[in-house]
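Have a look at the structure that comes next, please.
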2 protein chains.
Amino acid sequence: MSTLPRYLQLLWGLEPTGRRGPKPGRSVAEIGAAAVAIADRAGLSAVSMKSVAEAVGFTPMSLYRYVDSKDELQAVMLDVAYGPPDLDYGNRDWRSRISLWATEIAERRLAHPWTVELTPSTPPLTPNAIAWMEAGLEALADTPLTSQQRLSAMLAVDVWGQNHVRQSTRMGLVGPVDPESPQGSYLELITELIDPDRFPHLAKAGPEGLGDDDEDFYVEEFERGLGLLLDGIEALIARAG
Amino acid sequence: MSTLPRYLQLLWGLEPTGRRGPKPGRSVAEIGAAAVAIADRAGLSAVSMKSVAEAVGFTPMSLYRYVDSKDELQAVMLDVAYGPPDLDYGNRDWRSRISLWATEIAERRLAHPWTVELTPSTPPLTPNAIAWMEAGLEALADTPLTSQQRLSAMLAVDVWGQNHVRQSTRMGLVGPVDPESPQGSYLELITELIDPDRFPHLAKAGPEGLGDDDEDFYVEEFERGLGLLLDGIEALIARAG
DNA sequence: AGCTAACTGCTTGTGAGATACACAGAAGTC
DNA sequence: GACTTCTGTGTATCTCACAAGCAGTTAGCT
């Protein structure tokens, strides 16, 4: 049994009782929240050990009492940004359940667009992240799929949704406009580069597929893609059931 | 019309003719190849402006004649790593075509596992990346889907495949073992953390779903997930046709 | 009550990395 | 042959993440 990294112990409330020494001035959650606030306000690049430390009234090195590396800090940030899942599945069917699940996650991600930009180097083990995974599996609980199939299906939905949010926010379709992204220029560039003779399919898809940066393009495309995945799962269920 | 970034001009061979001054000593492609070699040998973190410069016989600052930032260098690296698509669709049906497409991309990614770790901040506009997208769309060309639907479907497949490679390499199922990743410990940690009462579904899926790190788990799971997506696309086609 | 071990946050320091700027020589143009 | 434009270079700055040792604090033991 390998011992848990400190930030996980702290997040899960697993510290041994009867500790000596001064009480910690802040909690990991507070530190994470401060980092989240900075990222929300000034972008991910503004989150440094120094800036976070200042925000909580620490010196940079003090943060290392709570977190062993910046990577771990980012894991905490994700946990704080997602928050606990709050889903009422009622007596919906599985299709409607994962839809709800996927939509809710997407909402949290949209609220903190930087969440889809950082790529954790280790699988998430923080409480909220775990809780969301649990909720996703629960959505598929009454299907005849094996737990492995459920896991795969859920992962597919999750990854797809994450990517959708990423693409949408980068193109400025949704959410607060990131000042440091060129957003609009992509379309200009692509039409400039794509020679219709060499890339006929792309040439057709480019303007048509990306052209209407309507407000609700995000929603339409979300439903389109999610539907595709759900149909795939449905086929899997049909075969298994 | 916004003007193209230099590295794209160079990659696409769009430099204006009749230039004065000395010829460039190297090409962007060479620089990219050097960076790729370093990443393959020593990991992504070993790729710095300095190390790449040394590899091509330059000083760090010289690289900025070819590439405006490290981000752009990474875009070049991806282009070099993917290489041009070399697919023979023959007279397969669409299902078999995208399968081939997805499999081929996955192979390239496996050959350079770091490709799935870096997240380009801008959509890919480099020649090979574009060519791969074109090939993906071509695979769906004779379906009754709109170009927008084709684009979405292709993107879904691509994102899923990328994630699959990422997960697999991180868990050490496939490819060269990254010395700086803890790999095995995840399973221990998760079983240590997941209280079966609070997270019943995960508790069941965890050991069962991730347990058999067999060699061919990668392939099985690849086919499973890809099949799910293809079934989704098929449903879409059925509805559209 | 006094002692001690374990813990707190702080101070100072280091090494790496990306990138700005001004320059000397090369290769075209007139 | 003079002018211009582009090449690669040397030097310097600025920001980070992170290392190591320190002084004050507190819970439990004697």
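To find a chain, count down the sequence lines: A is the first, B the second, and so on, and within it residues start at 1.
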Salt-bridge present (B:Glu117, B:Arg170; N to O < 4.0 Å): yes
B:Lys50 side-chain N/O to C:dG17 phosphate OP1/OP2 under 4.0 Å: no
Side chain of B:Ser62 (C-beta onward), nearest among C:dG28, C:dG17, D:dG8: D:dG8
d(CZ, B:Arg6; C1', D:dT7) in whole Å: 11 Å
Earlier contact from the 5' end, DNA chain C, for A:Arg65 and B:Met61: A:Arg65
Atom-pair distance (CG on A:Leu10; P on C:dC7), nearest Å: 12 Å
Side-chain donor/acceptor of A:Arg20 to base of D:dG28, under 3.5 Å: no
Nucleotide nearest A:Pro24 (side chain, heavy atoms from C-beta), chosen from C:dT8, D:dT7, D:dC18: C:dT8
Between C:dC7 (P) and A:Glu15 (CD): distance, integer Å: 10 Å
N/O (side chain, B:Arg19) to phosphate O (OP1/OP2, D:dT7) under 4.0 Å: yes
Interatomic distance where CZ belongs to B:Arg26 and C1' belongs to D:dG8 [whole Å]: 12 Å
is_close_aromatic(B:Tyr218, B:His164), centroid dist under 6.0 Å: yes
DNA chain C: 5'-proximal contact among B:Pro60 and B:Gly21 (nearest heavy atom): B:Pro60
Separation of atom CD in B:Glu54 from atom P in D:dT9, rounded to whole Å: 12 Å
Distance test, side-chain N/O of B:Tyr66 to OP1/OP2 of D:dG8, below 4.0 Å: yes
OP1 or OP2 of C:dG9 under 4.0 Å from side-chain N/O of A:Thr59: no
Nearest-Å distance for atom pair CE/P, residues B:Met49 and D:dT9: 14 Å
Rounded distance in Å - CG (A:Leu63) to C1' (D:dC16): 13 Å
Interatomic distance where NZ belongs to B:Lys70 and P belongs to D:dC16 [whole Å]: 16 Å
Salt-bridge present (A:Asp86, A:Arg108; N to O < 4.0 Å): no
B:Lys204 side chain vs B:Phe199 backbone, donor-acceptor pair below 3.5 Å: no
Pair B:Trp160-A:Asn163, side-chain donor/acceptor within less than 3.5 Å: no
Sugar-phosphate only, base, or nothing, as touched by A:Phe58 at under 4.0 Å among non-hydrogen atoms: sugar-phosphate
